[in-house]
Structures are given as structure tokens and as C-alpha cells.
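Working notes for the structure below.
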Amino acid sequence: MPVVIANQSTAGGTLAASTLARSQPDGYTIGMITTSTHVVSKIFDPSLPFDPVKDFAPVSMLGSSPYALVVTPSLPVKTVSEFVAYAKKKQPPLGAGTYGTNTLGYLVGLRFAQQADIDVNQVPYRSSAEAVLDVMQGRVEMQFSTLPPAIPLILDNKLRPLATTGAKRVARLPDVPTLAESGFPDFNVALWIGVAAPAGTPPAIVARLNREISEILQTPESQKAFAVQDFVPEPAPSSYLADRIEGDVARWREVVEKARKKS
């Protein structure tokens, strides 16, 4: 049977998610969902035309990729603890490059600043790759960067990595500790991608899709393809994805509300 791929990349993926939510729940239409479409959008967009939980039948996680806390090489810090101590004394606050102000990268920066009890000036950019170049040049001092644009610069000693944000160290950065290893034990953040179907899709179809996707994710070809993008495959039951969405929405809403009260 032929597979038709409909790319709808505008509006941060929410247009595609909205189309998926309105599709017939017959098992023939599935779509990619992400932290952006099903968590961040829920928090920042009250006019969202779909409910990230009620309007979908989660099928499977695909994988996730953490962020890297990087600083400009001229900054006189080499560890997270040194960075926090430096940031507490810095006036005006350090500049933090971020991809927009309605993104997971922005939220990661907010959460870290709250837990570290520091002030940073979040400077919005059009992309994570654009922001990381300014960190390299010293125009802003730090960033929580996605891995693809940051790792080549790190390996070329043009960026200094202090930590990554996931539960485990990044394979291509084995000497860089996680934030959990650096004094923030409950810090575990990664940009995830998954597969969902419209709400009402028969459970038997969802279960079959989950089994097939899990098998694909464990093949050497998939492992290699994910590694190229610095993603880690994460086969998991469909219930895990549903719980992940609800838990992430609650966690990040708390971060945003705390930031609003402070301002």
C-alpha cells in the first residue's frame, strides 16, 4: 500500500497537528507530534484549535534529544557551579540566546534560571543555529542549544559545553556531564518526537502500530539514522506517550506561571 506524506511545517507544526486531529480515526492517518506541538503550544496558545490530549490517540514515542548548555569560550567558567557563581555576580545579567520565546529551549532556560536562582536576559533569535553562532562570537554569553548546530562547534573548540539536559550523557559528548550530575538532580529535559492518530482510532490498530514502530526503532538502520541527528530512539508503550504529554504540560505551565509572578 502506498504511503502519502503531507508536509505541513508552518505554525510550529500545529497546523499539521490540527489536520491530524480532524482526520478520520480509521487507522490510515497518523502523524508526527513533538514537544512543540503538544506541550509548548498548549501553554502559550489559548486559541489552539485542538486539545493535545483529548483529540489524539498516542501511538508511540520515536525518540528524544536533549539540549546543551554552552557558553562563549572567553567566559571564565568551566563547570555549571562556576557558571552559577559567575552569573549571580554579573550585572547586567548574562545574555542567553534562545530560539524565540514560545519554545522548549526558552522554557529550559527559564527553568534552569529558577532552579539556580540567577537572572539571565533571554535574547530571542529566529533559530537555534543562529543563536549559537552569536554565542560562539561572544555577542551573547550562553545558550541552551539543540545538539545538531552545537556539537560541531563544541568539537572544534569554538563553544564550551558545561552540561547537557537529558537523563544520560550524549554519545558524541561523553566527557560533558548532565545537569543532573552537576547539582540539579531532577533536571531531565529533552525535545521528543512521537506518533499519534486521531482520537477514536480503534485500540487494536493503535496497538499494532505501536508494535511495528517499536520493532523498526530497534533496527540498526534506525539507530544509525537517529544518531546522525543526535536523537536517541525510545520505543515505548502508547500509554507512556500519553503520560509524557500530560506530565510535560503540567511541569512547564508551572515554570511559566512562576516566571510571570516574578515579573
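Please read all numbers here as calculations on a predicted model, not as lab measurements.
Defined by atom type and a distance below 3.5 Å, a donor-acceptor pair is present between the side-chain atoms of Ser128 and Thr146.
Hydrophobic cluster membership differs between Leu69 and Leu173, with clusters built from Ile, Leu, Val, Met, Phe, Trp and Tyr side chains linked at under 4.5 angstrom. Linking Ile, Leu, Val, Met, Phe, Trp and Tyr residues whenever their side-chain heavy atoms come within less than 4.5 Å leaves Val80 and Leu159 in two separate clusters. Under the 4.5 Å side-chain heavy-atom criterion for Ile, Leu, Val, Met, Phe, Trp and Tyr, Val77 and Val132 are members of distinct hydrophobic clusters. Using a 4.5 Å cut-off between side-chain heavy atoms of Ile, Leu, Val, Met, Phe, Trp and Tyr, with links allowed through other members, Val123 and Val120 fall into different hydrophobic clusters. Put simply, Val232 and Ile33 are part of two different groups of oily side chains (I, L, V, M, F, W, Y) that touch within less than 4.5 Å, one to the next.
The minimum heavy-atom distance linking Thr37 with Ala17 is given by the pair CB-CB, 4.4 Å. Across Pro148 and Gln229, no two heavy atoms sit closer than the pair CG-O, 3.8 Å. Minimum interatomic distance between Arg169 and Pro174 (heavy atoms only, all atoms of both residues): NH1-O, 2.9 Å. Shown here for Gly138 and Thr72, the closest heavy-atom pair between the two residues is CA-OG1, 3.4 Å. Here the closest heavy-atom approach between residue Gly166 and residue Pro66 is recorded as N-CB, 3.4 Å. Minimum interatomic distance between His38 and Lys42 (heavy atoms only, all atoms of both residues): O-CB, 4.2 Å.
Atom CD of Gln24 sits in a sparse spot, with 12 or fewer heavy atoms from other residues, nucleotides or ligands closer than 6.0 Å. Dense packing is recorded around CZ of Arg251, with more than 12 heavy atoms of other residues, nucleotides or ligands lying under 6.0 Å away.
How far CG of Leu20 is from CZ of Phe50: 9.0 Å, rounded to the nearest 0.5 Å. For the atom pair Thr35 OG1 and Leu191 CG, the distance stands at 4.5 Å (nearest 0.5 Å). Glu141 CD to Asn121 CG: the interatomic distance, rounded to the nearest 0.5 Å, is 9.0 Å. Here CG of Leu107 is found 9.0 Å from CD of Gln122. Values are rounded to the nearest 0.5 Å. Between the CZ atom of Phe226 and the CZ atom of Phe231 there is a distance of 8.0 Å, given to the nearest 0.5 Å. Taking CD1 of Ile154 as the start and CE of Met136 as the end, the distance is 12.5 Å to the nearest 0.5 Å.
In terms of modelled atom types and a separation under 3.5 Å, the side chain of Arg139 and the main chain of Asp134 share no donor-acceptor contact. With hydrogens and angles disregarded, a donor-acceptor distance shorter than 3.5 Å links the side chain of Asp26 to the backbone of Tyr28.
Ring planes of Phe187 and Phe144: parallel class, angle under 30° (limits at 30 and 60°).
Looking at Arg211 and Glu215, no side-chain N of the basic residue comes within less than 4.0 Å of a carboxylate O on the acidic one, giving no salt bridge.
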Under 3.5 Å, which donor-acceptor pairs link side chains of residues 53-61 to any protein atom two or more places apart or in another chain?
unit_1: Asp55; atom_1: OD2; unit_2: Asp51; atom_2: N; d: 2.7

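With a 4.5 Å cut-off on side-chain heavy atoms, Tyr67 and Thr164 do not count as touching.
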Ring pair (Phe, Tyr, Trp, His ring centres under 6.0 Å) for Tyr106 and Tyr99? Distances and angles first, verdict last.
CA-CA 7 Å; Tyr106 171 77; Tyr99 171 31; over 10 Å; no
